[in-house]
Each structure stands twice: as structure tokens, then as C-alpha cells.
Protein chains: 2
Amino acid sequence: MQPDRVHVESSVGYALKQAAAALRGAMDTALRPLGLTVPQYACLELLGSSPGLSAAELARGAFVTRQSMHAVLTGLEQRGLLARPPAAPRGRALPTQLTERGVAVLDEASRAVARVEQRMLGALASTDDVARLHRDLVACAEAVASADDVATRG
Amino acid sequence: MQPDRVHVESSVGYALKQAAAALRGAMDTALRPLGLTVPQYACLELLGSSPGLSAAELARGAFVTRQSMHAVLTGLEQRGLLARPPAAPRGRALPTQLTERGVAVLDEASRAVARVEQRMLGALASTDDVARLHRDLVACAEAVASADDVATRG
DNA sequence: GAGCGTATGTCAGGCTGCTGACATGCAGCC
DNA sequence: GGCTGCATGTCAGCAGCCTGACATACGCTC
């Protein structure tokens with residue numbers, strides 16, 4: 001069946017937005033006691049798993065523009081949670097590193113977000129379901145992103 | 001296994017955000033030729049399936065605040081795509097209806113978005129997978145939303 | 001070496017959406 | 001009837017994020 005119209009009740013896209021909005025709200029409330037916003041947390045988490053990322057790479061990983069990430073990095077740097085070299089060792093990219101305090105804050109924030117995610121995934125029956133959901137979401141993202149590329153370039 | 005930390009590569013929440021961001025971008029490019037933003041389209045689609053919704057109900061359905069929806073409604077009303085009575089027939093809620101032009105614009109927009117969603121779902125193997133993804137997303141949204149309620153109220 | 005394309009960092013301006021606040025209308029309970 | 005609680009519509013103010021622009025640095029080609 002190839003529906004040529006969207007129906008709100010059965011639309012996967014609508015359910016996707018619904019789940020993303022709910023997760024965003026829950027993360028906001030979980031991170032507020034730590035004084036972190038979701039973009040700030042995303043930045044820390046990316047740096048935790050991939051130290052030395054540049055601002056542009058962080059921006060792509062957090063789904064924001066370079067300019068927005070620039071503001072996030074400035075704030076986190078002033079709070080002493082991360083450090084950047086004053087000059088670029090190669091090209092223009094400034095490799096960013098978490099400070100000791102940044103690692104500590106990330107550790108606490110990551111645990112808080114993990115609890116939220118666990119509660120969300122409690123709605124699923126088995127770990128197989130979780131793995132399949134993850135795989136399907138990544139596949140959907142790639143499919144629709146490539147389609148967007150075609151539309152943008154064409 | 002109960003991970004107490006988030007790992008970007010395996011996080012369902014990250015994949016969810018990724019898919020939602022990609023879908024949002026693709027919808028933006030698909031709707032731009034029609035002169036519609038995503039919130040405007042969402043408003044039309046909700047009215048199409050449920051005529052007579054109030055601004056507050058539309059806001060909840062589109063995952064924005066009443067204030068944002070108010071601005072969307074004002075714009076669409078000036079373009080003649082929807083109509084609201086000058087006075088509330090009951091309480092304060094103003095039941096909103098699509099105009100003939102609004103129905104026509106929605107029809108075209110809905111087809112464009114359906115094409116995007118079809119391309120996204122092309123990444124999945126069967127219609128069973130689509131149905132399961134839809135069901136799992138709705139379940140996740142409910143689970144994390146109720147958790148957020150508890151956190152907010154407590 | 002010169003030129004072009006691309007990627008990055010950064011600044012300025014504007015637009016969107018949110019928080020906070022207030023007035024209005026309905027339902028409940030005393 | 002009067003009061004409280006709640007939902008809705010609307011206004012003002014503010015933060016966040018984006019678009020546009022520019023300078024710089026690398027890789028490639030000629």
C-alpha cells in the first residue's frame with residue numbers, strides 16, 4: 001500500500017516527532033538540576049567519546065549550526081568544563097578537550113540521561129526490540145537525509 | 001544489561017534525534033516550494049483530520065506552545081487558508097476550520113510530505129516493520145512523557 | 001607559483017519560539 | 001450566590017538558533 005496522503009494517526013513521521021519532543025522535554029528536566037541544556041550536554045557527550053573534535057564536527061554531531069555550537073563552546077569554556085588551544089595546530093580547526101571538571105560533570109549528566117533513556121526503553125519488550133529500533137532509526141535517518149540531498153542539489 | 005552511561009554510537013535517543021532532524025530537514029525542503037513551514041503544515045494537517053480544533057489543542061498536537069501556534073494561526077488566517085469565528089460559541093476556545101483554499105494547499109502539501117515519508121520508510125524491509133516502528137515510537141513517547149510528568153511534579 | 005574549491009572560525013543581524021503575565025470563561029464545591 | 005481551580009486567548013520581553021557574510025588555511029589542478 002502506498003498512501004499518497006499523510007494521516008496523523010498512522011504517520012511514522014508524526015510518531016517520530018512525538019517521541020523526539022517527549023525525550024527532549026524529559027532530558028531538559030533531568031539536566032536542569034545540573035545547570036546544563038540539551039545542546040550543552042550533547043557537546044560534552046560527543047567530546048567524551050571523541051576527544052579532540054573541532055567545533056564544526058561537534059556542530060554536525062549535535063545537529064546544530066557551527067554558529068550555535070560556537071556559543072555553546074564559549075559558555076562551557078568559561079565554566080571551565082572544556083579547553084581549546086589558542087592556536088590551531090593544523091588548518092583552522094581547534095581540537096577541543098574536556099577538563100577534569102568537564103569529565104566529572106559529563107559523568108553525572110550522562111547517568112541522568114541514561115536513566116531517562118532506560119525509562120523510555122522500558123516500553124519495549126526485549127533487548128532485541130531495542131536493537132531493532134536503533135537500527136531502523138539509523139536506517140530511516142540515512143534514507144531521508146540522502147533524499148534531502150538529492151532534493152537540495154537538484 | 002543496564003548501562004549507567006550514555007554511549008553515542010549505541011544510544012537510541014541519539015538515533016531518535018538524528019532521524020527527527022533528518023526528517024525535519026527533508027520536510028523543510030519539500031514544503032518550501034509551497035511557501036509553508038513545518039509548523040504551518042502541521043497545523044493544516046491537524047485541522048484536516050480534526051476540523052474545529054482550538055488553538056490550544058493545535059498547539060499540543062504540533063508540539064509547540066499556544067503562543068507559537070497563535071502566530072502560526074494568524075499568518076495562515078491572513079493568507080486565507082483557515083477561518084475562525086470572531087467570538088467563541090462556548091468558553092474561550094475558537095474552533096478553527098480550513099477554507100476551500102486551505103484544503104487545496106493541504107492536499108498538495110500532504111502529498112509532498114507523504115513522498116518524503118515513503119522515502120524514509122523505504123529503508124525498512126516490510127510493512128510489518130513499519131507498523132512495529134510506529135507502535136514502538138508511540139510507546140516510547142508515552143513512557144518518557146509520563147516519566148517527565150513524575151519528575152516535574154515531584 | 002597562481003587559482004580555484006572546500007572547510008573552518010567568527011562576527012553581525014534577524015526571526016522563531018519560549019517564559020512570564022494577565023484577562024476571560026467554565027465547572028466544581030462550599 | 002461566591003470562591004477556587006483550570007483552560008483558553010493574547011500581549012510583552014527575552015533567549016536560542018539560524019542565515020548571511022567575511023577572513024583564514026589547506027588540498028588540488030594547471
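Chain letters run A, B, ... following the sequence lines, proteins first, then strands; residues in each count from 1. Atoms considered below: every heavy atom in the structure, side chains included; atoms not considered: hydrogens, waters and symmetry mates.
DNA chain C is contacted by B/S68 of residues 68-77 of chain B, taking any non-hydrogen atom closer than 4.0 Å. Of the residues in residues 43-65 of chain B, those lying under 4.0 Å from DNA chain C by heavy-atom distance are B/V64, B/T65.
Using a distance-only test at 3.5 Å, with no hydrogens or angles considered, a donor-acceptor pair links the side chain of A/S110 to the main chain of B/V6. No side-chain donor-acceptor contact under 3.5 Å links A/Q40 to the backbone of A/L76. Under a 3.5 Å cut-off, the side chain of A/T99 and the backbone N or O of A/L81 do form a donor-acceptor pair.
Note that CG of A/D136 is 7.5 Å distant from CZ of B/R132, once rounded to the nearest 0.5 Å.
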### Task
Could you encode protein contacts along nucleotides 22-27 of chain C as a string, one character per nucleotide from 5' to 3', using B for base contact, S for sugar-phosphate-only contact and - for no contact, with a heavy-atom cut-off of under 4.0 Å?
-BBSSS

Name each donor-acceptor pair under 3.5 Å that joins a side chain in residues 13-28 of chain A to protein atoms two or more places apart or in another chain, with its distance.
residue: A/Y14; atom: OH; partner: B/G61; partner atom: O; Å: 2.6

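Residue B/V138 is not grouped with residue B/L121 when hydrophobic side chains (ILVMFWY) are merged at heavy-atom distances under 4.5 angstrom, including chains of intermediate members.
Protein chain B contacts DNA chain D from D/dT8 to D/dC11, reading 5' to 3' and using non-hydrogen atoms of the protein with a distance under 4.0 Å.
Checked by distance alone, B/Q67 brings a side-chain donor or acceptor within 3.5 Å of a matching partner on the base of C/dG20.
A/L31 approaches A/V38 most closely through the heavy-atom pair CD1-CA, 4.1 Å. Among all heavy-atom pairs drawn from A/R101 and A/G80, the shortest one is CB-O, 4.0 Å. Scanning both residues, B/L106 and B/G48, for their nearest heavy atoms gives CD2-CA, 3.8 Å.
Enclosure of atom CD in B/E9 by more than 12 non-hydrogen atoms of other residues, nucleotides or ligands within 6.0 angstrom is indicated. The environment of B/E108 atom CD is sparse: at most 12 non-hydrogen atoms of other residues, nucleotides or ligands sit within 6.0 angstrom.
The salt bridge (Lys or Arg N to Asp or Glu O under 4.0 Å) pairs that include a residue from residues 46-72 of chain A number zero, where partners must be two or more places apart or lie in different chains.
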